[in-house]
Amino acid sequence: MTFDNQYVVQRIDKANALRAAGIDPYANHSQRNTTIQKFHNVNSDLFNLEDKRDEHRHYTIAGRIMLYRLMGKASFLKIEDESGMLQIYVARDNLPENFYNDVFKKLIEVGDIIEVSGYPFVTQQGELSLHVDTLKILTKAISPLPEKFHGIQDKELRYRQRYLDLIMNSQVRKTFQIRSQVISLTRRFFEDKGFLEVETPMMHPIAGGANAKPFVTHHNALGIDRFLRIAPELYLKRLIVGGFEAVFEINRNFRNEGMDATHNPEFTSIEFYWAFKTYKDLIILTKEYFEYLFDHLNLPKRLPHGDIEIDFDCFTEIELIESLTVIGGVPADVVNNKEKILDYLRAQKLEAKVTLNLGQLQGELFDEFVEAKLINPTFITHYPVEISPLARRNDARPELTDRFELFIAGREIANAFSELNDPLDQLERFEGQMAAKDSGDDEAHEMDEDFVTALSYGMAPTAGQGIGIDRLVMMLTNQHSIRDVLLFPAMKPLNPNQQGEEE
RNA sequence: GUCCCGUUAGCUCAGCCGGUAGAGCAUUUCACUUUUAAUGAAGGGGUCGAUGGUUCGAAUCCAUCACGGGACACCA
């Protein structure tokens, strides 16, 4: 790469001029002794003083110059550190001889990271500021920042150069702070419940635990392909077989599918498995989990999400088949009859594959008529067995499973069920998936014989759940694209020559 | 994968009935010691996403491609 842009060249010249003046433009340490937020907190009493200043207090603060107002022999600058923004007042006569004119005015500019020392005072306009007596450059920025007022708007630039987005937009930093808190709180919530955090393989010989296309990678020494995991489910259940009674894993899954506002090739989920429990216990646990999150995040229970509002005090529960009529408005005599569902879908001018079985068609009806209407948190329970290859059958109604999914703002947030632990039933369902795969469904589950073997040693009755962390953070931060809750969302390469074109 | 929209200076954006590129901020020079997107004056800065076509002439019209955004499809 080259740094030949006119502004960059100018700034490199300034860095060299600093060196020529005996100043290292990349200092190797800082004497900072407080943060900007602490400065504001500690000195807020100055507003009540007679002369609104205290020359006996002295602070050293570091930050990036975000704004520069030069007025001859004095200047006001805004510098920003992680904790906040501070105005500093720099006047010629408070600095060493010639420093203001020769170094400060000529060689230091917006984007540079500086360290300043001085005493606190309140300006005539009523802003708590730092009266600077010492100024030192810590880091010279040789690329100019985006425009001070509009910042950086171009979404492509924001995602590709997230650091610029973070520098220019404190709200973006806030979103990712919340994301970090969510993950931290999630971990603490499950640990407090006695769950053990585990790490299972990311590279799988068989990509199992979900219906999805995997990424393929290659192990050179063994000469074999591996799949980046699409779900940790089958490994976590092996651990339940092994005797751990409550385990969770927070980590990435990888799915080789399309990208859009709710799908990134790698995404973060928590999956947890709890022995001697059922999906009903998980509904209770999930409600507790949300209570816990809202308490500790200090968020109101009613959150805006675009044009709508989500009420997190209003969790409801309804069976899938019932939701088709009650919420979806599908006639009651249609929902349990394959032919009538096909007719109904056709009547709505929707494509209906004749090859689908009843359970799959009910899933279609749900996706079409119910899902988008589930704004407040809703547990949809008792999924048909045909679309739940890993869930335990309901004792009374074996065509259904002891399963739920949680929907918020029309989106799936969590998927949970009482786990299937009958090894022979599991084997049959894998075989069913194999048949589906043979007949063209390339996202049907792979047979995992080792997993069936594990089950054959006996897995305690267990309930398991997965929660999509990215989508959860979207709900909590009022973001509508998964890219806005991922620090570095997947992007196509800018220069197609960088990535080999096989064709 | 389909459709729609976008891509112009470092950034934010105008310009688009075809006549060879503009503003604000930033930058450079000058003035200015309490400003709040500071202000005033002067200057520099562009392969108008890429390639091809139409035309005397293309940022502007057409085609293809790339990247991004949105919708749909697919997908839990």
Side-chain angles (χ1 to χ4, degrees), chain A residues 3 5-11 13-14 52-53 66-78 85 87-95 100 105-106 109-111 121-127 129 131 141-161 164-165 167-168 209-213 230-231 253 255-265 267 269 350-351 363 366-367 371 380 383 387-390 403 405-407 411-416 441-443 466-468 471 480-481 483-484 489 491-499 501:
Chain A
F3 287 106
N5 174 278
Q6 58 170 323
Y7 304 106
V8 174
V9 170
Q10 271 174 18
R11 283 169 169 259
D13 288 345
K14 289 181 184 181
K52 297 191 188 301
R53 62 182 56 214
M66 300 303 291
L67 215 57
Y68 192 157
R69 285 190 280 270
L70 189 150
M71 292 163 304
K73 300 177 186 64
S75 303
F76 286 94
L77 286 73
K78 293 261 168 111
M85 186 94 80
Q87 176 166 273
I88 64 173
Y89 175 73
V90 182
R92 185 191 66 183
D93 299 340
N94 301 321
L95 293 172
Y100 185 86
K105 271 169 70 173
K106 286 203 166 70
E109 58 205 311
V110 170
F121 77 113
V122 177
T123 64
Q124 289 174 7
Q125 305 296 319
E127 182 164 346
S129 308
H131 199 283
I142 62 166
S143 285
L145 287 183
E147 195 237 359
K148 62 186 175 189
F149 187 60
H150 297 93
I152 183 164
Q153 301 293 330
D154 186 313
K155 289 204 171 198
E156 184 169 359
L157 283 180
R158 289 183 48 213
Y159 299 145
R160 288 191 195 276
Q161 295 181 275
L164 284 181
D165 194 24
I167 289 171
M168 299 308 295
N211 293 327
K213 290 179 199 152
I230 55 175
N253 295 310
R255 297 190 181 175
N256 203 343
E257 292 163 354
M259 292 152 59
D260 60 31
T262 55
H263 296 82
N264 195 66
F267 62 98
S269 68
L350 294 166
E351 206 173 314
F366 177 81
D367 291 346
E371 183 170 0
I380 298 292
Y383 278 64
I387 54 175
S388 309
L390 297 163
R403 173 185 178 191
E405 287 195 357
L406 174 62
F407 290 86
R411 297 226 175 81
E412 178 203 346
I413 291 292
N415 181 19
D441 180 357
D442 60 357
E443 279 161 10
I467 300 174
R471 292 184 188 176
H480 298 102
S481 171
R483 298 178 201 101
D484 290 318
M491 301 290 278
K492 290 191 193 178
L494 273 181
N495 178 359
N497 298 326
Q498 280 173 359
Q499 298 282 315
E501 295 296 304

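Per chain, numbering begins at 1; letters A, B, ... match sequence-line order.
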Would you say B/C67 has OP1 or OP2 under 4.0 Å from some side-chain N or O of A/Lys492?
yes

Tell me the interatomic distance from A/Ile88, atom CD1, to B/U35, atom P, rounded to whole angstroms.
17 Å

If we only count heavy atoms from C-beta on, is the A/Asn253 to A/Ile230 side-chain gap below 4.5 Å?
no

For A/Asn5, which contact category applies under a 4.0 Å heavy-atom criterion: base, sugar-phosphate, or nothing?
sugar-phosphate

Would you indicate what A/Asp260 reaches in the nucleic acid, counting non-hydrogen atoms under 4.0 angstrom: base, sugar-phosphate, or nothing?
base

Can you tell me, in whole Å, how much space there is between the P of B/A9 and that of B/U60?
15 Å

Which dot-bracket notation, 5' to 3', represents the base pairing of RNA chain B when pairs are defined as Watson-Crick or G-U with both distances under 3.5 Å, crossing pairs as [ ], and inter-strand pairs as |?
(((((((..((((.....[..)))).(((((.......))))).....(((((..]....))))))))))))....

Separation of atom CZ in A/Phe76 from atom P in B/U39, rounded to whole Å:
15 Å

Could you pull out all residues at least two apart from A/Phe267 that satisfy ring pair (Phe, Tyr, Trp, His ring centres under 6.0 Å)?
none

Integer-rounded Å distance: B/C74 P and A/Arg255 CZ
17 Å

Using a heavy-atom cut-off of 4.0 Å across all strands, would you classify A/Glu257 as base, sugar-phosphate, or nothing?
sugar-phosphate

Quick one, A/Ile467 with A/Ile413, criterion side-chain contact (heavy atoms from CB on, under 4.5 Å). Give me CA distance, side-chain angles, the key distance, then yes/no.
CA-CA 6 Å; A/Ile467 300 174; A/Ile413 291 292; 4.1 Å; yes

Base B/C75 paired with A/His263 side chain (donor-acceptor, <3.5 Å):
yes

B/U8 to B/A14 separation - P atoms, rounded to the nearest Å:
11 Å

Classify the nucleic acid contact of A/Gln153 as base, sugar-phosphate or nothing, counting any heavy atom under 4.0 Å across all strands shown.
sugar-phosphate

For A/Tyr159, which contact category applies under a 4.0 Å heavy-atom criterion: base, sugar-phosphate, or nothing?
sugar-phosphate

I'd like the P distance from B/A26 over to B/G70, given in whole Å.
31 Å

Considering only atom P, compute the distance from B/G52 to B/C72 and round it to an integer number of Å.
38 Å

Could you tell me whether the side chain of A/Lys78 reaches within less than 4.5 Å of the side chain of A/Glu127, counting heavy atoms only?
yes

Figure out the CG/P separation between A/Asp154 and B/A9, and round it to whole Å.
11 Å

Gap in Å between the two P atoms, one belonging to B/A59 and one to B/G18, rounded:
13 Å

Please classify the nucleic acid contact of A/Met491 as base, sugar-phosphate, or nothing, using heavy-atom distances under 4.0 Å.
sugar-phosphate

Spell out yes or no: do the side chain of A/Glu127 and the base of B/U36 have one donor N/O and one acceptor N/O closer than 3.5 Å?
yes

Value in whole Å for how far the C1' atom of B/G68 lies from CE of A/Met259
11 Å

A/Glu156 has its side chain closest, among B/U36, B/C67, B/U34, to B/C67

For B/U20 versus B/A37, give the span between their P atoms, rounded off to a whole number of Å.
38 Å

Interatomic spacing from CD1 in A/Ile167 to CD1 in A/Ile152 - rounded to 0.5 Å
9.0 Å

Given B/G70, B/G68, B/C32, the nucleotide with the shortest approach to the side chain of A/Lys73:
B/C32

P atoms of B/C74 and B/U55, separation to the nearest Å
45 Å

Does A/Thr123 get its side chain close enough to the base of B/U36, under 3.5 Å, for a donor-acceptor pair?
yes

Base, sugar-phosphate, or nothing for A/Gly151, non-hydrogen atoms under 4.0 angstrom?
sugar-phosphate

Calculate, to the nearest 0.5 Å, the distance between atoms CG and CD1 belonging to A/Leu77 and A/Ile88 respectively.
4.5 Å

Closest listed nucleotide, where the reference is the side chain of A/Gln6 and the choices are B/G44, B/G68, B/U35
B/G44

side-chain hydrogen bond (donor to acceptor under 3.5 Å, both in side chains) filter on A/Arg471, not counting sequence neighbours, yields A/His263

Expressed in whole Å, how much space separates the P atoms belonging to B/U54 and B/U47?
26 Å

Residues passing the side-chain hydrogen bond (donor to acceptor under 3.5 Å, both in side chains) test with A/Thr262, sequence neighbours excluded, are A/Asp260

The criterion is side-chain hydrogen bond (donor to acceptor under 3.5 Å, both in side chains); which residues satisfy it with A/Glu109, sequence neighbours excluded?
A/Lys14, A/Lys140

Remember a base hit wins even if backbone is also touched, and classify A/Phe267 as base, sugar-phosphate or nothing at under 4.0 Å, heavy atoms.
nothing

Kindly point out which of B/C32, B/C67, B/U35 is positioned nearest to the side chain of A/Arg160?
B/C67

Taking only the side-chain nitrogens and oxygens of A/Arg483, find out if one of them lies under 4.0 Å from OP1 or OP2 of B/G70.
yes

What residues form a ring pair (Phe, Tyr, Trp, His ring centres under 6.0 Å) with A/Phe407, not counting sequence neighbours?
A/Phe366

Pairwise 5' ranking along RNA chain B for A/Gly72 and A/Gln125, keeping only the more 5' one
A/Gly72

Specify the separation, in whole Å, of atom CG of A/Leu157 and atom C1' of B/A9.
14 Å

Picking from B/C11, B/G69, B/C67, the nucleotide nearest the side-chain atoms of A/Pro146 would be B/C11

Taking only N/O atoms, report every protein-nucleotides 25-29 of chain B pair under 3.5 Å with atom names and distance.
residue, atom, partner, partner atom, Å
B/C25, O3', A/Lys148, NZ, 3.4
B/A26, OP1, A/Lys148, NZ, 2.8
B/U27, O3', A/Gln10, OE1, 3.4
B/U27, O2', A/Gln10, OE1, 2.4
B/U27, O2', A/Gln10, NE2, 3.0
B/U28, OP1, A/Lys14, NZ, 2.4

Ring pair (Phe, Tyr, Trp, His ring centres under 6.0 Å) filter on A/His480, not counting sequence neighbours, yields A/His305

Mind checking ring pair (Phe, Tyr, Trp, His ring centres under 6.0 Å) for A/Tyr159 and listing every partner two or more places apart, or none if nothing turns up?
none

